[in-house]
Amino acid sequence: MSRVGKRPVTVASGVEVSLDGTCLVAKKGNLEKRLETHGRVEVSIDGSEVTFTRVGEEKQDAAYWGTYRALFNNIIIGLDKGYEKSLEINGVGYRAAVNGKVLNLQLGHSHPIDFNIPEGLDITVVKNIITIKGADKQAVGQAAAEIRDFRPPEPYKGKGVKYTDEHIIRKAGKAAGK
């Protein structure tokens, strides 16, 4: 039995929720997010609470029940507060700068890396910290993962791009000669 699906989603003030067939629509200002449920769960909107109920008694129905509730909760939190991830660049000569809709990275490769900033995300760079903000949790996490993937941190000196809350387990280098 899903523990996640049982709890109703509380809609924050300023966010409007409506049901368009099998699609849940959440709006705040000019920002609109849609969640297509494909009829896998039943949705009921009661004022500022949205509840999800299972369609059947199959194991897959319970999985959809919790999944769609969690996805819609992420949409509501994203519209209300937004999501944020921070990356830290470590290494001599490693730099980042934002030029319009492009994040320019110099990470020790023979060429600079240009990362096109996805629509709906805001990326800022202060010293060696890259901050990614947006209303879509998946998009923020995906952009952070792609930027980190250009130069993952290495375990000897810790050079590379890492999450600010990530801990790099260091390895000892070569043993000194006798």
Side-chain angles (χ1 to χ4, degrees), residues 1-88 96-105 113-126 129-150 161-166:
M1 193 74 155
S2 173
R3 294 190 199 121
V4 175
K6 288 180 187 176
R7 293 181 297 183
V9 176
T10 305
V11 179
S13 61
V15 179
E16 299 173 19
V17 178
S18 61
L19 196 58
D20 181 21
T22 60
C23 186
L24 265 167
V25 182
K27 288 178 94 172
K28 182 173 184 180
N30 61 351
L31 202 58
E32 178 182 299
K33 297 287 180 184
R34 301 174 79 81
L35 177 66
E36 178 60 57
T37 62
H38 302 287
R40 295 177 178 140
V41 290
E42 291 179 16
V43 182
S44 61
I45 302 169
D46 310 319
S48 67
E49 284 193 343
V50 179
T51 54
F52 293 84
T53 52
R54 293 165 63 168
V55 173
E57 291 300 317
E58 299 292 318
K59 189 174 183 179
Q60 191 65 44
D61 294 329
Y64 284 136
W65 186 32
T67 300
Y68 283 117
R69 189 261 178 213
L71 290 173
F72 188 68
N73 192 46
N74 290 343
I75 288 173
I76 295 298
I77 292 171
L79 288 174
D80 187 34
K81 299 176 189 155
Y83 288 99
E84 179 178 323
K85 289 243 183 214
S86 296
L87 298 166
E88 182 180 341
V98 176
N99 298 328
K101 294 296 285 175
V102 176
L103 175 67
N104 187 289
L105 300 163
I113 298 167
D114 291 333
F115 177 75
N116 293 322
I117 299 172
E119 196 67 36
L121 295 185
D122 182 39
I123 296 181
T124 56
V125 178
V126 178
I129 305 290
I130 301 170
T131 306
I132 305 164
K133 294 179 183 176
D136 190 352
K137 184 176 187 178
Q138 193 274 333
V140 170
Q142 184 66 36
E146 287 175 9
I147 293 169
R148 182 185 183 275
D149 203 39
F150 290 131
V161 180
K162 70 178 190 86
Y163 296 107
T164 51
D165 57 350
E166 181 180 10

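Note: hydrogens, waters and symmetry copies are ignored here, and every other heavy atom, side chains too, is used. Everything numeric here is computed off the predicted structure, so don't read it as measured data.
The two atoms that bring I75 and R34 nearest to each other are CD1-O, 4.3 Å, heavy atoms only. Here the shortest heavy-atom pairing between V43 and L19 reads O-CD2, 3.9 Å. The two atoms that bring C23 and E36 nearest to each other are CB-OE1, 3.5 Å, heavy atoms only. Shortest non-hydrogen contact noted between A96 and L105 is CB-CD2, 3.6 Å. The two residues I132 and A144 come nearest to each other via the heavy atoms CD1-CA, 3.6 Å. Here the shortest heavy-atom pairing between V15 and A26 reads CG1-CB, 4.3 Å.
To the nearest 0.5 angstrom, E119 atom CD is 12.5 Å from D136 atom CG. To the nearest 0.5 Å, atom CD1 of residue I76 and atom CG of residue L71 are 12.0 Å apart. Distance CG/L24 to CZ/F72: 5.0 Å, rounded to 0.5 Å. For the atom pair CD of Q142 and CD1 of I147, the computed distance is 10.5 Å after rounding to the nearest 0.5 Å. Going from atom CG of L79 over to atom NZ of K27 covers 11.5 Å, rounded to the nearest 0.5 Å.
No donor-acceptor distance shorter than 3.5 angstrom exists from the side chain of T164 to the backbone of E88, with no hydrogens or angles considered. R148 places no side-chain N or O within 3.5 Å of a backbone atom of Y163 that could act as its donor or acceptor partner. Checking side-chain atoms of W65 against main-chain N and O of F52 turns up a donor-acceptor pair under 3.5 Å. Y83 places a side-chain N or O within donor-acceptor distance of the main-chain N or O of N74, the cut-off being under 3.5 Å.
Looking at T67 and V41, their side chains never come closer than 4.5 Å, going by heavy atoms from C-beta outward. Between Y68 and L35, the closest side-chain pair of non-hydrogen atoms falls below 4.5 Å. Looking at K133 and V140, their side chains never come closer than 4.5 Å, going by heavy atoms from C-beta outward.
No option in V17, V9, V11 other than V17 meets the side-chain contact (heavy atoms from CB on, under 4.5 Å) test with I45.
In summary, the side chains of S44 and T51 do present a donor paired with an acceptor at a separation below 3.5 Å, with no hydrogens or angles considered.
By the 6.0 Å contact criterion, NZ on K28 is enclosed, its count of non-hydrogen atoms from other residues, nucleotides or ligands being greater than 12. A 6.0 Å sphere centred on NZ of K33 holds more than 12 heavy atoms belonging to other residues, nucleotides or ligands. E146 CD: more than 12 foreign heavy atoms inside a 6.0 Å radius.
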Using the rule given for side-chain contact (heavy atoms from CB on, under 4.5 Å), can you reason through D114 versus N99, listing the C-alpha separation, both sets of side-chain angles and the distance that settles it, and then say yes or no? CA-CA 10 Å; D114 291 333; N99 298 328; over 6 Å; no
Give the C-alpha distance, both sets of side-chain angles, the deciding distance and a yes or no for side-chain contact (heavy atoms from CB on, under 4.5 Å) between K101 and I117. CA-CA 5 Å; K101 294 296 285 175; I117 299 172; 4.3 Å; yes
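A cation-pi arrangement is present between R40 and Y64 under the rule of less than 6.0 angstrom and at most 45 degrees off the ring axis.
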